[in-house]
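Here is the structure we will look at, set down as structure tokens.
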Amino acid sequence: MHRTRRLRKSDNIRRLVRENHLKVDDLIYPLFIEEGKNIETEIISMPGIKRYSLDRISVELDEVVSLKIPAVLLFGIPSKKDDEGTETWNSKGIIQQAIRFIKKNYPDLYVITDVCFCEYTSHGHCGIIENNDVNNDATLVNIGKQAISHAKAGADMIAPSGMMDGTIAVVRESLDQTGFSDIPIMAYSVKYASAYYGPFREAADSAPSFGDRRTYQMDAANRGEAIRKATFDDEEGADILMVKPALAYLDIIRDLKDNFDRPVACYNVSGEYAMIKAADEKGWINGEKVMMESLLSMKRAGANIIITYFAKEVAKLLIIK
Ligand code: PBG
Ligand code: ZN
């Protein structure tokens, strides 16, 4: 008889044979930074997460640093939007100010910036609109400008999230030509058109005012296409490949891990966070345990890095243990 239960008998033996571990080192914490003063706004569908203006964000950054979370991922909410999202490459824009502020006051914190347009365009789409759709190649030009502007402000890593073809090549070339060949790119390689982004769009004020993002984000039904898209990003020079969302796409995380010799990141998105928080508030699940189990499943699937709104909570639990 095969007796698998022998190695489950006590906590110590379970610890010895445990195959995967969640670590604080795995985590990236997203931050929403809004232009203006004295802002600290709760995001209703994401309990515990807020939008901050720069003059209020130190509480959050102090905590992130004291918990030894290695990195933050910045999203900006500008005070003015326009057709093209020109604020994204303004050297005095909210993200550029935020990067300078963080690198000056928290020099050891690793700063990653989301490069996209949806929070900055009046129509909420991830690029320039032409004939009711986002024009890929026109948008690429602006992606290059935005990436350079983040690098000049002092960003440590650039993460383009708009799903325009050719993005990684353009960002790599733009950075290399301006003296930033040492800044890595984390590619949102496999980003699905997902209903799990709902709460984020409230948080970042980035919902499209017409249509949806299905002409640029991937169809949830597709797996082969994920490999194809990641292959292009790999060839164009992405340093890290990301899958987004995470929990409903664990198979894709594993595919990327098995097929590429690159670190794989996953984005545990706003809707995944909201579901656990809501069910926990109702007393229907143990939110803390479901959180740990969910994040561990991403490690098991092959993720090296997890971007998560739970980062601070997880770090606190891991420190106690
Ligand atoms: C937009 C962007 C989105 C997220 C990060 N960057 C959502 C979207 O496509 O509307 C989602 C993050 C989350 O849901 O937590 N480029
Ligand atoms: Zn976008």
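Just so you know, ligand 1 is whichever comes first in the structure, and atom 1 is the first atom listed for that ligand.
Remark: ligand 1 and S206 share no N or O pair separated by less than 3.5 Å (distance only, no angle test). Taking only nitrogen or oxygen atoms, main chain and side chain alike, E119 does not reach within less than 3.5 Å of ligand 1. The shortest N or O to N or O distance between Y188 and ligand 1 is not below 3.5 Å.
Taking 4.0 Å as the cut-off, F117 does not count as a neighbour of ligand 1 on heavy-atom distance.
Although no hydrogens or angles enter the test, the distance criterion places no donor-acceptor pair under 3.5 Å between the side chain of T113 and the main chain of I158. Side chain of Y273 to main chain of P47: a donor-acceptor pair is present (N/O by atom type, distance under 3.5 Å, no hydrogens or angles). Side-chain N or O atoms of S181 include none that pairs as donor or acceptor with a backbone N or O of D176 at under 3.5 Å.
Atoms of ligand 1 found under 4.0 Å from any heavy atom of C116, numbered from 1 in the order shown, are 16 (N). Those atoms of ligand 1 with a heavy atom of Y309 less than 4.0 angstrom away are 12 (C), 13 (C), 15 (O). The contact set between ligand 1 and Y267, taken as ligand atoms under 4.0 Å from a residue heavy atom, comprises 12 (C), 15 (O).
By the 6.0 Å and 45° rule, K244 stacks over the aromatic ring of Y197.
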Before giving the answer on side chain to side chain donor-acceptor pair (under 3.5 Å), spell out for S149 and Q96 the whole-Å C-alpha distance, their side-chain angles and the decisive distance to 0.1 Å.
-> CA-CA 7 Å; S149 164; Q96 290 78 0; 2.6 Å; yes

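Contacts between Y273 and ligand 1, counted as non-hydrogen atom pairs separated by less than 4.0 Å, are absent for every part of the residue. The side chain of C118, and not its backbone, has at least one atom closer than 4.0 Å to an atom of ligand 1 (non-hydrogen atoms only; side chain from C-beta on).
A donor-acceptor pair shorter than 3.5 Å cannot be found between the side chains of D165 and Y216. Looking at N12 and S10, their side chains never bring a donor and an acceptor atom within 3.5 Å of each other.
Looking from atom 14 (O) of ligand 1 to the surrounding protein, the closest heavy atom is S270 OG, 2.7 Å. Nearest protein neighbour of atom 2 (C) of ligand 1, counting heavy atoms only, is K191 NZ, 3.3 Å. Looking from atom 12 (C) of ligand 1 to the surrounding protein, the closest heavy atom is F200 CD1, 3.3 Å. Atom 9 (O) of ligand 1 has as its closest protein heavy atom Q217 NE2, 2.7 Å.
A salt bridge between D280 and K277 is absent, with no side-chain N of the basic residue lying under 4.0 Å from a carboxylate O of the acidic one. Ion pair D11/R14 flagged as a salt bridge, since at least one NZ, NE, NH1 or NH2 atom sits closer than 4.0 Å to an Asp/Glu carboxylate oxygen. For the pair K312 and E60, the salt-bridge criterion is met [side-chain N within less than 4.0 Å of a carboxylate O].
Angle SG(C116) to the Zn ion (ligand 2) to SG(C126), rounded to 10°: 100°.
In summary, an N, O or S atom of C118 is located under 2.8 Å from the Zn ion (ligand 2).
Atom 11 (C) of ligand 1 has its nearest heavy-atom neighbour, among M46, K244, H125, R201, in K244.
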